[in-house]
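First comes the structure, then the notes that go with it.
In listed order, ligands and their atoms are each counted from 1.
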Amino acid sequence: MRRYIITAFSILFSVSLIAQNHKVKEDSIKIRQFYNAALVKGQAYKWLDHLSNSIGGRLSGSLNAQRAVEFTKAELEDLGLDKVWLQPVMVPKWTRGAREHAYIQTGPGMTTEVNITALGGSVATSPGGLKARVLEVNGIEDLENYKADIKGKIVFYNRPMKPELIQTFEAYGGCVDQRYSGAEAAAKYGAVGVIVRSLSHKIDEYPHTGSMSYGDLPNDKRIPAAAISTKDAEYLSGILKLKKDLEFYYKLSSENHGEVQSYNVIGEITGSEFPEEFIVVGGHLDSWDLGDGSHDDGAGVVQSMEVLRLFKETGYKPKRSIRVVLFMNEENGLRGGNKYAEIAHSKNENHIFALESDAGGFTPRGFSFEADDAQFAQIESWKPLFKPYLIHYFERGGSGADIGPLKKGDIVLAGLRPDSQRYFDHHHAATDTFEHVNKRELELGAATMTSLIYLVDKYGMRHIDLETDKKL
Ligand SMILES: [Zn+2]
């Protein structure tokens, strides 16, 4: 009798193993199809060409941002999705105005030009510009050490990104407060302006812009904020050691115009079995204005559109509803991400998974996930399917700014993680342009995203019931 039971068990085990193997095979064939379709006749690069070269930089509230809304909506409509719509959202409008101008003055008539860019959200200098002595600090915490010396000066934040960090986003994270909150902090000590070393590893002439905030500073206390190139930051720091009383001049003509109407662009393939379960894939449609926003985040936009196109092209009919969401205003307000989540939550839509691509169009390495133990174990079980494509990075960590507000209940959030070593050479600078995106790298990213969305759609997401601590 015992033998029969053992035999019965082993037959059952073998049957389930065969079924399991069959599924793995089916999945690996499907994933191969996605990569083939993306690499042989992908659309992502063509879309990016239009977004970057025919439209260009897409600052929130600009005409180019509106053109990008119209272009991507029309392209999604051409894919024959079940629904395509615009989701209205109010966004801040900030304009740079006339080109910035800056120089270092070491004596009467002795000036050296500096490459400078206003930070997004900065007020202008007076029409004649601002000239003052400079105080260099190593980050916001350093202000306290010089507090008696700051009044009437321009604070120069010069903490560099740490080159030894392999994860370049960590190096960025260690410095970005200088750009974002540096003006607010320095104004409280009586500074008249701030200049920030550009957030880039590369020593070159290109200044990198990015968002900044005055927090709750009243209007009359707001001081103009700008970034200078890393090369100029090194030069200024060096010359300050020799000549402490040098003066720095800069002129900004930027302006805040309040809020204007804009849109998130959304397309959906409605699920065949579980239409009430939603999976989101997206990037942000807005960009800075110095380059054409190809890496940040044109790449994420076209890769996300490509996910739905690849499903269509390979004849995959999702069980769950798959939405591509092209978010507006990630760079200087996150209004699009907040609006999408607000509406999803108010309608009680059941979002089970969201994936964002917003780390450049470079060679994909994998993903990072915000997931519980059971969810992450399930995701890790898919890792071997990605091995042939050299995708190996499956870690827990942050996902993407635009999908962050969706966090509620059991949803899993994920971010595509491309190679990040060159990202900050281009990030928010005039060099974030189409020619710096490699076609194959972009396409590999799109196929990698499609494969993950396919697996989530096919198997759903497990989670732990917090009441009973059981896997569901
Ligand atoms: Zn971005």
Side-chain angles (χ1 to χ4, degrees), residues 44 48 51-52 55-62 64-65 68-69 72 89 91-92 94 119-121 161 167-173 175-176 179-180 198-200 208-212 227 262 264-265 280-305 324-338 340 354-362 364 367-368 397-406 413-420 422-434 436-437 441-442 445-446 449:
L48 187 65
L51 214 49
S52 301
I55 296 178
R58 302 168 293 282
L59 201 51
S60 285
S62 66
N64 277 4
V69 165
T72 51
V89 56
V91 298
W94 173 84
L119 295 180
M161 281 170 67
Q167 304 272 16
T168 61
F169 279 84
E170 267 179 50
Y172 179 69
C175 291
V176 70
R179 188 195 78 207
Y180 191 76
S198 284
L199 298 178
S200 169
H208 296 232
T209 190
S211 65
M212 58 82 62
S262 189
N264 290 330
V265 182
V280 162
V281 58
H284 64 86
L285 205 45
D286 65 307
S287 78
W288 287 107
D289 54 336
L290 299 179
D292 60 36
S294 284
H295 276 297
D296 188 13
D297 184 25
V301 163
V302 298
Q303 286 172 326
S304 300
M305 293 165 67
V324 53
V325 184
L326 310 177
F327 298 95
M328 185 51 73
N329 186 229
E330 188 272 347
E331 295 293 0
N332 57 340
L334 205 66
R335 298 290 186 86
N338 284 324
Y340 182 82
L355 168 64
E356 179 155 12
S357 167
D358 183 20
F362 298 98
F367 305 94
S368 91
S399 54
D402 296 292
I403 58 174
L406 272 175
L413 303 180
L416 180 72
R417 290 291 165 260
D419 184 289
S420 73
R422 284 170 289 153
Y423 185 56
F424 290 98
D425 295 356
H426 306 285
H427 186 247
H428 300 178
T431 56
D432 183 3
T433 49
F434 183 68
H436 293 113
V437 176
E441 293 179 357
L442 182 78
M449 292 163 70

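Distances from the Zn ion (ligand 1) to each N, O or S atom of D296 single out OD1 as the nearest.
Among L334, I403, N338, V301, the single residue meeting the side chain to side chain contact (heavy atoms under 4.5 Å, CB included) criterion with F327 is I403.
With hydrogens and angles ignored, the 3.5 Å screen pairs a side-chain donor or acceptor of D292 with a backbone N or O of F434.
For the residue pair D296 and H284, a side-chain donor N or O sits within less than 3.5 Å of a side-chain acceptor on the partner.
Within the 2.8 Å limit, D358 places at least one N, O or S atom next to the Zn ion (ligand 1). For residue E331, no N/O/S atom approaches the Zn ion (ligand 1) to within less than 2.8 Å.
Across all their heavy atoms, G336 and N329 have their closest contact at N-CB, 4.4 Å.
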